[in-house]
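Structure record follows, encoded as structure tokens.
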Amino acid sequence: MATDINKIIKNLLEFYDFNDQTVVSIGAGGGQLIGYGHSCKKVIAIDNNQEAIETLENRLRSTGLSGKFELINADFHKVATKGDMVLFEFCLHEMDNPLASIEHALNISRNIIVADHWPSSEWAYIVDEDEKVKRSWETITKRNPKKIQKFDSVQFFNDYQELYQKVKVQGDRTIERIKPYFDKKDFSIPMSYGFALI
């Protein structure tokens with residue numbers, strides 16, 4: 001991973017008490033943030049991408065967390081499970097209707113945490129998600145969150161090729177936006193992110 005995932009997990013655990021909670025985690029596939037699961041009673045991980053669920057399953061096996069996680073490959077909006085808290089893992093900005101997603105999450109639990117890129121994050125701009133991220137945070141703000149906190153980090157890369165491999169799936173605009181890094185070595189790109197408790 002090109003960023004300090006342990007720092008993000010530490011910030012998340014300081015932001016909200018996960019101890020003995022049943023967490024319904026949205027966009028959990030891939031398993032980057034599974035470390036918070038050590039504190040939980042149970043994590044119901046939902047992702048609509050089968051490949052991401054398989055990656056998560058492999059990561060869980062290697063960390064000894066498999067017993068705490070229930071994996072569901074489905075559209076979150078069609079899942080009616082209940083939990084103590086819903087966690088959107090850097091995915092609310094990818095949803096077609098962030099407001100409808102938050103409303104559905106409120107049917108699952110009264111406590112919602114959104115973890116996502118910050119609107120002014122250079123990384124969000126580089127990967128062409130800046131407009132979606134802004135829309136997502138505007139939706140969060142309309143819900144009058146109980147608490148919001150911003151954090152600053154970086155994405156680190158050894159060279160342009162490493163950056164290219166990470167972001168090429170984002171499309172032509174992203175490839176255009178990474179051109180200034182073509183000749184760079186051992187560089188970082190600022191990445192701001194935030195948590196909101198709704």
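Source: prediction; values computed, not measured.
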Legend entry - pair Q32-E89: side-chain heavy atoms closer than 4.5 Å: no
Legend entry - D96, CG: over 12 other non-hydrogen atoms inside 6.0 angstrom: no
Legend entry - H93 vs E129 side-chain heavy atoms within contact, under 4.5 Å: yes
Inset, instruction - For E162 and N158, indicate whether the former's side chain and the latter's backbone hold a donor-acceptor pair under 3.5 Å. - result: yes
Inset, instruction - Could you pull out the closest heavy-atom pair between D116 and S136, with the gap in Å? - result: OD2-OG, 3.9 Å
For a quick test of your reading: what N or O donor-acceptor pairs under 3.5 Å do the side chains of residues 188-196 make, sequence neighbours left out?
| residue | atom | partner | partner atom | Å |
| --- | --- | --- | --- | --- |
| S192 | OG | D152 | OD1 | 2.6 |
| Y193 | OH | N11 | OD1 | 2.5 |

Inset, instruction - Please say whether more than 12 non-hydrogen atoms of neighbouring residues, nucleotides or ligands are located less than 6.0 Å from NZ in K185. - result: no
Legend entry - Charged N-O contact under 4.0 Å between D159 and K184: no
Inset, instruction - Identify the two heavy atoms, one from Y164 and one from I175, that lie closest to each other, and give their separation to 0.1 Å. - result: CE1-CD1, 3.4 Å
Inset, instruction - Would you check if the side chain of K68 reaches a backbone N or O of K41 as a donor-acceptor pair within less than 3.5 Å? - result: no
Legend entry - Connected hydrophobic set around V79, excluding itself, where side chains approach under 4.5 Å: V24, I26, I44, I46, I72, F76, V86, F88, L92, M95, I102, L106, I108, I112, V114, W118, V133, W137, I140, I148, I198
Legend entry - Closest approach of D84 to D20 (non-hydrogen atoms, all atoms of both residues): OD2-O, 4.1 Å
Legend entry - Check ion pair D130-R173 (N to O, under 4.0 angstrom): no
Inset, instruction - Quick one: list whatever passes salt bridge (charged side-chain N to carboxylate O under 4.0 Å, His left out) with R110, sequence neighbours left out. - result: none
Inset, instruction - Mind jotting down which residue pairs meet the ring-ring contact (aromatic ring centres under 6.0 Å, His included) criterion with at least one end in residues 31-65? Sequence neighbours excluded, please. - result: F18-Y36
Inset, instruction - Please lay out, stage by stage, how Y125 and T174 fare under the test side chain to side chain contact (heavy atoms under 4.5 Å, CB included). - result: CA-CA 8 Å; Y125 169 78; T174 293; over 6 Å; no
Legend entry - Atom NZ of K150 with >12 non-hydrogen neighbours under 6.0 angstrom: yes
Legend entry - Sidechain-backbone polar pair: S101 side chain, N97 backbone, donor-acceptor under 3.5 Å: yes
Legend entry - Test log, rule salt bridge (Lys or Arg N to Asp or Glu O under 4.0 Å), inputs E131 and K134: CA-CA 5 Å; E131 291 305 317; K134 284 177 190 170; 3.7 Å; yes
Legend entry - Smallest separation among heavy atoms of F15 and Q149, with atom names: CD1-OE1, 3.5 Å
Legend entry - Heavy-atom side-chain proximity of L99 to E103 below 4.5 angstrom: yes
Inset, instruction - Decide yes or no for N73 and N49: does some side-chain heavy atom of the first lie under 4.5 Å from some side-chain heavy atom of the second? - result: no
Inset, instruction - Please check if the distance between the ring centroids of Y181 and F157 is under 6.0 Å. - result: no
Legend entry - CD-CD1 distance between Q170 and I178, expressed to the nearest 0.5 angstrom: 10.5 Å
Inset, instruction - For K78, enumerate each residue passing the side-chain hydrogen bond (donor to acceptor under 3.5 Å, both in side chains) test, keeping only those at least two apart in sequence or located in another chain. - result: none
Inset, instruction - Would you please name every residue forming a side-chain hydrogen bond (donor to acceptor under 3.5 Å, both in side chains) with S109, sequence neighbours left out? - result: none
Legend entry - Gap between atom CD of E57 and atom CZ of F69 - 0.5 Å precision: 12.0 Å
Inset, instruction - Report the distance from atom CD of E122 to atom NE2 of H117, rounding to the nearest 0.5 Å. - result: 13.5 Å
Inset, instruction - Using the side chain to side chain contact (heavy atoms under 4.5 Å, CB included) rule, pick out the option among L60, I5, V43 that qualifies with I34. - result: L60
Legend entry - Any donor-acceptor N or O pair under 3.5 Å, side chains D17, N19: yes
Inset, instruction - Would you check if L13 and S39 make a side-chain contact, meaning some heavy-atom pair closer than 4.5 Å? - result: yes
Legend entry - Side chain to side chain, Y16 and L87, heavy atoms closer than 4.5 Å: no
Inset, instruction - Evaluate the ring planes of H77 and H104, with Trp represented by its six-membered ring, and classify them as parallel (under 30°), tilted (30 to 60°) or perpendicular (over 60°). - result: tilted
Inset, instruction - Supply the atom-to-atom distance I113 CD1 to K146 NZ, rounded to the nearest 0.5 angstrom. - result: 10.0 Å
Legend entry - Residues, nucleotides or ligands: over 12 heavy atoms within 6.0 Å of K10 NZ: no
Legend entry - Heavy-atom side-chain proximity of L163 to F156 below 4.5 angstrom: no
Legend entry - I8 vs L33, side chain to side chain contact (heavy atoms under 4.5 Å, CB included): CA-CA, chis, key distance, verdict: CA-CA 8 Å; I8 297 174; L33 300 181; 3.8 Å; yes
Inset, instruction - Answer whether the closest heavy-atom distance between the side chains of K42 and Q21 falls below 4.5 Å. - result: no
Legend entry - Stepwise side chain to side chain contact (heavy atoms under 4.5 Å, CB included) test for D47 and L56: CA-CA 10 Å; D47 201 298; L56 172 57; over 6 Å; no
